[in-house]
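I have placed the structure first, in the form of structure tokens, so that the comments after it can refer back to it.
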Amino acid sequence: MTDKLGVVVVAAGRGSRMRTQESKQYLLLDGKPILVHTLELFDRLEAVSDIVLVTGTDDVERCRGYIETYRLRKVKRVIPGGKERQDSVYQGLLALDGEVRWVMVHDGVRPFAAREHIAACLDKAIETEAAVLAVPVKDTIKIVDGEGLIQATPDRRSLWAIQTPQAFRFSLLRDAHERAREEGFVGTDDAMLVERLGVRVAVVEADYYNIKITTPEDLPWAEWIIRHVRGERES
């Protein structure tokens, strides 16, 4: 592939569900901030040409320090995010190199995406314009009303838990964000914005190790993945 691939890593949230003073992306995992593990993952991928890190205004200098300390050569810019995650992604898109033709958006606290799954997601996006990593839902899901009463039970076979990275033709994702901004629409992920343009988004099956570290219960699981899974993937 000759077209340049850019990556927007979003790490501007405060992470109140972690119940720590420090934001979740800066908590240490195996001696390094969670965010650094994530950045290293994409920094090592040959297909990636440029990474933009979007973080909180007060954390820009700290993150620039990480770039030097951990020699993250593909992280070209660290910029402050916006009010919503969607705003932060849009700022990241604007900050990417003008020659980027494909883009991935990834959560800063999701450090365990497998390289083969990232590659498969990109390949599918090149084929279809838009693709996301996901896993089948394992639990039975109930639709519950405001009074706590079950209203329906969707067929589990049609339900997938969406992950990141999500990959798109750059121009398509930019247009989707600009349309959403014009119309005052806030979506739950980037794929949702693309869907609003009438573009069908492909799902690429990943695995259950690609966790988003969000709550205290996720940290022991992340440490287990570091010890027992990551080494096998990198060998």
Side-chain angles (χ1 to χ4, degrees), residues 3-113 115 118 122 163-168 170 173-174 177 181 189-190 210-214 218-219 222-223 225-226 230 234:
D3 289 342
K4 293 183 73 172
L5 169 65
V7 178
V8 175
V9 174
V10 187
R14 303 308 301 175
S16 58
R17 284 179 290 175
M18 187 60 75
R19 301 196 297 274
T20 57
Q21 285 190 323
E22 182 64 279
S23 297
K24 58 190 176 183
Q25 58 267 36
Y26 305 116
L27 297 177
L28 295 184
L29 179 64
D30 196 34
K32 287 188 286 192
I34 293 169
L35 176 59
V36 170
H37 288 283
T38 302
L39 293 171
E40 286 180 335
L41 171 64
F42 287 92
D43 197 70
R44 293 169 181 160
L45 292 179
E46 183 177 353
V48 174
S49 60
D50 298 89
I51 301 171
V52 170
L53 172 61
V54 189
T55 188
T57 302
D58 295 338
D59 296 313
V60 169
E61 290 306 316
R62 167 169 36 180
C63 290
R64 286 175 178 161
Y66 291 160
I67 306 313
E68 287 192 24
T69 300
Y70 295 99
R71 299 179 181 180
L72 299 166
R73 57 190 176 85
K74 293 184 180 179
V75 183
K76 302 301 174 64
R77 297 190 67 184
V78 181
I79 63 172
K83 181 180 179 181
E84 304 286 346
R85 182 185 187 278
Q86 184 171 309
D87 301 320
S88 296
V89 173
Y90 182 65
Q91 294 304 316
L93 294 176
L94 296 180
L96 279 172
D97 185 285
E99 296 182 0
V100 165
R101 292 294 174 266
W102 300 95
V103 61
M104 286 185 158
V105 180
H106 191 67
D107 300 320
V109 288
R110 206 183 281 269
F112 301 127
R115 286 177 292 186
I118 297 172
L122 177 59
Q163 303 176 345
T164 65
Q166 300 186 356
F168 310 90
F170 176 84
L173 184 59
R174 182 194 58 207
H177 271 269
R181 290 171 69 85
D189 68 352
D190 296 284
N210 186 20
I211 63 171
K212 185 177 182 182
I213 302 173
T214 305
D218 295 326
L219 289 171
E223 291 167 358
I225 294 171
I226 285 274
R230 192 179 64 172
E234 295 178 352

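These figures come from a predicted structure and were not determined experimentally.
Electrostatic pairing of Arg77 and Asp97 does not count as a salt bridge here, judged by no charged N lying under 4.0 Å from a carboxylate O. A salt bridge does not link Asp107 with Lys24: none of the charged nitrogens is closer than 4.0 Å to a carboxylate oxygen. Salt bridge status for Glu22 with Arg62: present, with a side-chain N to carboxylate O gap under 4.0 Å. Salt bridge absent: Arg64 and Glu68 never bring a charged side-chain N and a carboxylate O closer than 4.0 Å. Of the charged side-chain nitrogens involved, none lies within less than 4.0 Å of a carboxylate oxygen, so that Arg85 and Asp189 do not count as a salt-bridged pair.
Here the side chain of His177 pairs no donor or acceptor atom with the backbone of Val89 at under 3.5 angstrom. The backbone N or O of Lys74 sits less than 3.5 Å from a side-chain atom of Asp43, completing a donor-acceptor pair. Judged purely by atom type and a 3.5 angstrom limit, Thr55 has no side-chain atom pairing as donor or acceptor with the backbone of Val60. Side-chain N or O atoms of Thr38 include one that pairs as donor or acceptor with a backbone N or O of Gly108 at under 3.5 Å. Here the side chain of Arg110 pairs a donor or acceptor atom with the backbone of Asn210 at under 3.5 angstrom. Using modelled atom types, no side-chain atom of Asp59 and backbone atom of Ala12 make a donor-acceptor pair closer than 3.5 Å.
In terms of heavy-atom proximity, His106 sits nearest to Ala113 at CE1-CB, 4.3 Å. For the residue pair Met104 and Ala167, the shortest heavy atom distance occurs at CG-CB, 3.8 Å. Across all non-hydrogen atoms, the minimal contact from Thr164 to Val105 is CB-O, 3.6 Å. In this structure, Leu122 and Ala47 approach most closely via the heavy-atom pair CD2-CB, 4.3 Å.
His37 places a side-chain heavy atom less than 4.5 Å from the side chain of Ile226. The closest side-chain heavy-atom distance from Leu41 to Ile118 is below 4.5 Å. A heavy-atom distance below 4.5 Å is found between the side chains of Phe168 and Asp190. Looking at Leu45 and Val7, their side chains never come closer than 4.5 Å, going by heavy atoms from C-beta outward. Inter-residue side-chain proximity for Leu39 and Tyr66 is flagged as unmet; no heavy-atom pair is nearer than 4.5 Å. Inter-residue side-chain proximity for Pro33 and Leu28 is flagged as met; some heavy-atom pair is nearer than 4.5 Å.
Here Glu223 contributes atom CD and Asp30 contributes atom CG; the two are 8.5 Å apart, rounded to the nearest 0.5 Å. Taking CZ from Arg181 and CD from Gln86, the interatomic distance works out to 8.5 Å, rounded to the nearest 0.5 Å. Taking CD1 from Ile225 and CZ from Phe112, the interatomic distance works out to 5.0 Å, rounded to the nearest 0.5 Å. A distance of 9.0 Å separates CG of Leu27 from CD1 of Ile213, quoted to the nearest 0.5 Å. Separating the CG atom in Asp50 from the NZ atom in Lys76 is a distance of 4.0 Å, to the nearest 0.5 Å. Leu5 CG to Arg101 CZ: the interatomic distance, rounded to the nearest 0.5 Å, is 12.5 Å.
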Using side chain to side chain contact (heavy atoms under 4.5 Å, CB included), reason through Leu94 and Ile79 one step at a time and then give a plain yes or no.
CA-CA 11 Å; Leu94 296 180; Ile79 63 172; over 6 Å; no
I'd like to know whether Leu72 forms a side chain to side chain contact (heavy atoms under 4.5 Å, CB included) with Glu40, so could you lay out the CA-CA distance, the side-chain angles of the two residues, the decisive distance to 0.1 Å, and finally the verdict. CA-CA 7 Å; Leu72 299 166; Glu40 286 180 335; 3.7 Å; yes
### Message
Could you walk me through whether Val10 and Val8 satisfy the side chain to side chain contact (heavy atoms under 4.5 Å, CB included) test, starting with their C-alpha distance in whole Å, then the side-chain angles of each, then the deciding distance to 0.1 Å, before giving a yes or no?
### Response
CA-CA 6 Å; Val10 187; Val8 175; 4.1 Å; yes
Evaluate Cys63 against Tyr26 for side chain to side chain contact (heavy atoms under 4.5 Å, CB included), listing each step before the verdict. CA-CA 9 Å; Cys63 290; Tyr26 305 116; 3.4 Å; yes
